[in-house]
Amino acid sequence: MRKELPLLVTILTGLFVIFGHDFAIGEKWQLINSMDKWQSISQAVALLIGAINLTRIHVNHVRRRKAGYIFSLLLLVCMWGYTVLGVIDGYKGVTFRWVYNALLASLDSTIFSLLAFYIASAAYRAFRVRTVEASLLLVSAAIVMLGRAPIGEAIWKGFPDWANWIMRFPNTAAMRAVLIGAYLGSFVTVLRILLGIERAHLGGVGGAGMK
Amino acid sequence: MALWTKGMVVDFWFVVALGVVTYVLITRARAGMKIPEIRKIAGLEALEESIGRATEMGRPVHATPGLGGISDPETFAFFNTLGYIAQLCAKYDCRLINTNRNYLVHSVNEEIIKQAYLEAGRPDAYNGDDVRYLSGFQFGYTAAILGIFAREKPAASIMIGYFYAESLILAEAGAQIGAIQIAGTTSTAQLPFFVAACDYTLIGEEIYAASAYISKNPVLLGTVVGEDWFKILVFLTIVVGTVVTNIIADPKKNPLTNFIMK
Amino acid sequence: MWDRLMSIDKRVIYLLVAIAIAVPLIKPLGLPLSTSTESETAFNAVDALKPGDILWIGADYGPSSAPELDPMAVAIFRHALKKGVKVVVYAMWQDGVQMSKNWTELVSKEVGAKEGTDWVNLGWKPNNPVTLRQMTDDLWTAAAGVDVNGTPLSNLPLMERVKKLDASSVTLIFDLSTGSPGTADYLQYVSEPKKIPMSVGVTAVSAPGAMPYVKSGQYTGILSGMRGAAEYELLSKAPGSAIKGMDAQSLGHALIILLIILGNIGYVLRKRA
């Protein structure tokens, strides 16, 4: 029953969505809309799971005085402190916004900006003219990079046009191929879940057990 | 009143047809009839090798589904692989660290890993503290993984799911600690980063073939073959569509467009 | 010797990147900039709006992508308000609230536009893209009846014209997005089914993935990364932070190409040796 009931719910929900989407009567009865409301409510409740889990793990760290427990304590103070501040102060609150703009925004941007450094080191390490294909990739990457920045234009006026051509045609063709394959793949995965063939999400190894 | 919602007729029959083809292939597989083989996928072949290497080095294995939520098919592709990874880790007695950004995905992963350890006969080796919910913030999650990489130095990092800008940050940080990295995503924007920085990359739909490929289960393989049949159908539609569009310039008079949008 | 070219210490690389980006920000080079067809199409979509039309701006990003997307938001919002176009802002990302609050307040003060009459910020509502889809049926209920400040929508005159997110009320959607939920959800749940034209502004890394939709005509133009923002600033004749950032991008790109060339010289020469 532990696995059958969730499977039954999955299958019924799948059929419900198809009926609500594809049939005019489903649209008239606003089935999808009512399901959306149910989902909104259950998602909001589920949000608590994350917070509770995080609290449970870090309270345990603090209680057992694990290495670095002070950071767990900091996490708990920040998480619950900011939650309380948000409830009291709201989006309009000066303190709430200050914490966001001065701390959260800066920390977020800092981690994202690592990308600039990592792109440089990854490109330096990985882009080698090992094969003809790799050389083609390298040349197109260089053209796009030069075409996307004014320095390319200053070197040669043709770079932006070439970069745009690469983006519009070879890039679009490859992206479409990957996307079509990915959509079909996801479609079949969903079908496998609906038919109950794939059940790893219910715990264990599902269909992918070691043979 | 019309039976169908506008624009959904072809959509519906496409779902039905794919369902029927898949069902036929599953029935054939169950009856023991021959199912075409699927090609070798290096990234999936390397899973066992990478976990074996981590075991030899006495270092943990890291696995994350990226930023995808519980309703993303990419996350389900991760679920389908995670059980196998966890079972291998249990078998080799190698520590598995699972990191999560989504609280619901985290709960499911916890269950999958626990069950896999149980099925491998090693429930005692399961450590709940290694299945971690990090942060709902994209870069909070990223920074936490960077910390884990620096402190616990996993020898293998498996990233299968939906990734955004954190893909290269994670892959490059993994490369710097010398981890074998197996990544897979359908995110076209992040694929180039994974290809550049990881040892193996599962491109697009390959992540969905994982469970069928790993288990060699004919029923699951049948669904992958069904998918390929439809890929041929889509390809033919594109060819016919291109020809028709070049003959009839006005999209309103294009019979193929009208049929699809019916 | 050649091995050295192939194994420059990563700390040296990071230092060079920091210098290449920081120097032009302090001392701009003023390199010339042209505009692409995709940016021009996106600009023209906003420029073609008439006074009183409603533009819907999606703020689906966080602080990390702000350097690329904030300048777009500022330029588009300013352009629309100056034309007398009404604007509704909505964030599917929690972070989008803070982002949009910053630029809506800044620009509306500069232009002299009035909140509630000329523009409304709906803020963030939970459970997107489901909530976005609900907005196409009943926006007021989906938005819980309030804007970002908790003001009832019934007190905001502009919202009397926007009971639903559909083509009868909204003339153009301009989604600024860095991931999910974002442009794909607007396309799937709003733009396509409700037949509302849609332009997008995305981070540079997301642009290749969005290009197929531009080519198919599903996106009316695209602003790609900081370059896209700079082009919009140029087209709207209001230079801002994106144009200033272009020189840093130039040197950053040039440095990466230089590093790749050095690595490859080492690789080829070692192979020959």
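All values reported here derive from a predicted model rather than from experimental measurement. Here is the naming used below: chain letters follow the sequence lines, and residue numbers restart at 1 for every chain. Values below: all heavy atoms of this structure, side chains included; hydrogens, waters and symmetry mates excluded.
- Residues A/Leu115 and B/Leu168 are in side-chain contact: their nearest non-hydrogen atoms beyond the backbone lie under 4.5 Å apart.
- With a 4.5 angstrom heavy-atom cutoff, A/His61 touches chain B only via side-chain atoms.
- Interatomic distance, OG1 of A/Thr55 versus OH of B/Tyr133, reported as 10.0 Å (0.5 Å rounding).
- Heavy-atom distances place both the backbone and the side chain of A/Ile119 under 4.5 Å from chain B.
- Across B/Lys114, B/His106, B/Glu227, the residue that shares the most heavy-atom pairs under 4.5 angstrom with chain A is B/Glu227.
- Within the 4.5 angstrom heavy-atom criterion, no atom of B/Ile207 approaches chain A.
- Interface remark: A/Leu104 contributes side-chain atoms only to the contact with chain B (heavy atom separation under 4.5 Å).
- Of the atoms belonging to A/Ile180, it is side-chain heavy atoms, and not backbone ones, that fall under 4.5 Å from chain B.
- When all heavy atoms are compared, the tightest approach of A/His21 to B/Met8 is O-CG, 3.6 Å.
- Of the listed residues (B/Val234, B/Leu191, B/Thr188), the one with the most heavy-atom contacts under 4.5 Å to chain A is B/Thr188.
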Hey, mind stepping through B/Glu205 and A/Leu184 against side chain to side chain contact (heavy atoms under 4.5 Å, CB included) and telling me if it holds?
CA-CA 8 Å; B/Glu205 74 216 87; A/Leu184 277 172; 5.9 Å; no
As a quick check of understanding, evaluate ring pair (Phe, Tyr, Trp, His ring centres under 6.0 Å) for B/Phe193 and A/Tyr118, giving each step before the final call.
CA-CA 10 Å; B/Phe193 293 141; A/Tyr118 283 175; over 10 Å; no
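- Side-chain N/O atoms of A/Ser186 and B/Glu74 include no donor and acceptor closer than 3.5 Å.
- Closest approach of A/Ser121 and B/Gln176 over heavy atoms only: OG-NE2, 4.4 Å.
- Nearest heavy-atom pair, A/Leu54 versus B/Leu134, reported as atom, atom and distance to 0.1 Å: CD1-O, 4.0 Å.
- Less than 6.0 angstrom separates the ring centroid of A/Phe187 from the ring centroid of B/Phe14.
- Per-residue counts of heavy-atom pairs under 4.5 Å with chain A were compared for B/Pro73, B/Gly128, B/Ala77; the largest is that of B/Pro73.
- Pairing each heavy atom of A/Leu191 with each of B/Gly19, the nearest pair is CD2-CA, 3.6 Å.
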